[in-house]
Student: 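Dropping a structure here in structure tokens format, bear with me for questions.
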Amino acid sequence: MVERSGAEREESSGAERKEALLVTDKRTGKTYEISIIGGAIRATDLKQIKVDDGDPGLISYDPAYLNTACCRSAITFIDGDRGILRYRGYPIEELAEHSTYLETAYLLIHGELPTRAELEEWTEEIRHHTMIHENIKKFMDGFNYDAHPMGMLVGTLGALSTFYPEARDIQNPVSRHREIVRLIAKMPTLAAFAYRHLRGLPYVYPDNELSYIGNFLNMMWKVGGDRYTPDPLVERSLDVIFILHADHEQNLSTHTMRVVGSSRVDPYSAMAAATAALYGPLHGGANEAVVRMLQEIGSPERVPAYLERVKRGEIRLMGFGHRIYKSYDPRAKVLKGIAEKICAVTRRNPLLDVALELERQALEDEYFIRRRLYPNVDFYSGLIFQALGFPVEMFPVLFAIPRTSGWLAHWNEMLEDPEQKIARPRQIYSGPGERPYLPLAEREGIQGRKLQPGPATFPRR
Ligand code: CMC
């Protein structure tokens, strides 16, 4: 996290030029000056640090990118210590209170909030592109009856690339805009169709008279001839949840979108990859784990015993802790309010009482205080989705729909960034040195012959 506006950067550029790191290489005794720009050093500046002429130069080692910035981005700012999240400078709390998902998506993609006319045009464009090709329906029919909706989403997104070959024109901003609109418009349709397939229900076509959220809920829940009319609180709550999930800077799926997109592939293929990254239980799947944990606890009285198991290191408290947020997750704060409102109008979810008690006790407990563990976005979102009637398998899909705008904003930014190239990290080779090819007959009984872990052949059935 390095926060500086463009103007601040310009103003301080003179001073920044003087900021540098003096590094002495104890292997050679040589000292190097490495420039610090915007709070960072360039990893490629380390290449000059060599033992001798044959040395390719020093590289930095950072598995899982714990302390490596891979881009400059003007989209989202996070300060994990102070619990701050802003899209294009606007605090998430203000957007959650005043904006809509479509307006926020416009902000993420274009960099500014739309005027009334721009918002109307944007909304109209999205409406116009909600339909999917009939062959995609046939493609979906081919999935097994119990296929996970997230797997269907990954597959159909990849398949969409074959329907829009013009999307490969990724250097053309007009073409990029058209595909961004198509993807934001079609995600709810793909998601709802995946759900209907899972339930064996007929697909419901998009109804463009409805709002973005209203249309999605209608495609999900409509039965028979009548339109599904959502409770305004439910519709608004889902809109706010979508705002909160729209972007989160360089998280795994966004990084995947950038990395795969850096090969200059079309955005449907890159988004299939980003969706696959989100599918994993350590990323978009944690909200599901929270609900299962609360079900396991069962009642508020059983919270202390559960916390003891957490403190003994037997289990983790799902929906708690975050790599970046170390004071609180601002999204969780907003979601807690929504969970309380939703649970007041739907049948009260007994798991909410367990969640509230769990949060209360954990926040007073020395173990969690010392490690700065607070509820994260997933602590309450799963409960809300459950109260709204979504099956657990749909939770990561509900994350993917709004994250589409964040993925595409980053994809667009990456393609316009002259510093970006095809992503290609380095490695530290740890395998054997050069050795001659060994003929098959000579391989038996060789001392020290090591196989990689796992069976050398598949077990026979
Ligand atoms: N329950 C109990 N102890 C925890 C937890 C937890 N949820 N999270 C961290 N700790 C402890 C951990 O055991 C360690 O203790 P010690 O110092 O004694 O070894 C200390 O806190 C630091 O943990 P860490 O593993 O270094 O923290 P991390 O930054 O690598 O992990 C995390 C972040 C989110 C993976 C982790 O907090 C976790 O597993 N949380 C539960 C899963 C979860 O809710 N994931 C959703 C993340 S938010 C969604 C998103 O933004 O993508």
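We count ligands from 1, going down the list as the structure has it; atoms in each ligand are counted the same way.
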Student: Compare Ala289, Ala286, Ala332, Gly321 and give the one whose heavy atom is closest to atom 45 (N) of ligand 1.
Tutor: Ala286
Student: Looking at atom 19 (O) of ligand 1, would you say a protein heavy atom lies below 4.0 Å from it?
Tutor: no
Student: Do Phe368 and ligand 1 have an N or O pair less than 3.5 Å apart?
Tutor: no
Student: What is the closest protein heavy atom to atom 2 (C) of ligand 1, and at what distance does it sit?
Tutor: Val310 CG1, 3.5 Å
Student: Kindly state whether the ring of Phe379 and the ring of Phe320 have centres lying under 6.0 angstrom apart.
Tutor: yes
Student: Please report which non-hydrogen protein atom sits nearest to atom 1 (N) of ligand 1, along with the residue it belongs to and the distance in Å to one decimal place.
Tutor: Leu317 N, 3.0 Å
Student: Which one of Lys326, Arg371, His283, Arg331 has a non-hydrogen atom at the shortest distance from atom 11 (C) of ligand 1?
Tutor: Arg371
Student: Checking contacts here: is it the side chain or the backbone of Asn376 that comes within 4.0 Å of ligand 1, counting heavy atoms only? Could be both or neither.
Tutor: side chain
Student: For atom 41 (C) of ligand 1, what's the nearest protein heavy-atom neighbour? Residue, atom name and distance, please.
Tutor: Phe320 O, 3.4 Å
Student: Give me the nearest non-hydrogen protein atom to atom 48 (S) of ligand 1 as residue plus atom name, then the distance to 0.1 Å.
Tutor: His322 CD2, 3.5 Å
Student: Any nitrogen or oxygen of Asp378 lying under 3.5 Å from a nitrogen or oxygen in ligand 1? Just yes or no.
Tutor: no
Student: Would you check if there is a donor-acceptor pair between the side chains of Gln420 and Ser262 at a distance under 3.5 Å?
Tutor: no
Student: Quick check: are there more than 12 heavy atoms from other residues, nucleotides or ligands sitting under 6.0 Å from CZ of Arg424?
Tutor: no
Student: Please determine whether a side-chain nitrogen of the Lys or Arg among Asp169 and Arg178 lies less than 4.0 Å from a carboxylate oxygen of the Asp or Glu.
Tutor: no
Student: Which residue and non-hydrogen atom of the protein lie closest to atom 9 (C) of ligand 1, and at what distance in Å?
Tutor: Leu373 CD2, 3.5 Å
Student: Is there at least one protein heavy-atom neighbour under 4.0 Å from atom 22 (C) of ligand 1?
Tutor: no
Student: In Å, rounded to the nearest 0.5 Å, how long is the span from CD of Glu118 to CD of Glu121?
Tutor: 8.0 Å
Student: Could you list the atoms of ligand 1 found under 4.0 angstrom from a heavy atom of Met318?
Tutor: 42 (C), 44 (O)
Student: Would you say the side chains of Glu393 and Tyr195 form a donor-acceptor pair under 3.5 Å?
Tutor: no
Student: Which bit of Tyr367 gets closer than 4.0 Å to ligand 1, counting heavy atoms only: side chain, backbone, both or neither?
Tutor: side chain
Student: Could you report the tightest heavy-atom contact between Arg176 and Ile170, atom names first, then the distance?
Tutor: NH1-O, 2.8 Å
Student: Check ligand 1 against Gly319 and write out every atom of the ligand that is under 4.0 Å from a heavy-atom position of the residue.
Tutor: 43 (C), 44 (O)
Student: Could you check, using the six-membered ring where one of them is a Trp, whether Tyr374 and Tyr328 have ring centers closer than 6.0 angstrom?
Tutor: no
Student: In the protein, which heavy atom is nearest to atom 28 (P) of ligand 1, and how far is it?
Tutor: Arg323 NE, 3.8 Å
Student: Could you tell me the separation between the NE2 atom of His248 and the OH atom of Tyr87, rounded to the nearest 0.5 Å?
Tutor: 7.5 Å
Student: Could you tell me which non-hydrogen atom of Ile243 sits nearest to which non-hydrogen atom of Ser99, and how far apart they are?
Tutor: CD1-O, 3.5 Å
Student: Would you mind checking which non-hydrogen protein atom is closest to atom 39 (O) of ligand 1, with the distance to 0.1 Å?
Tutor: Arg316 NH1, 2.8 Å
Student: Between Lys222 and Asp207, is the closest basic N to carboxylate O distance under 4.0 Å?
Tutor: no
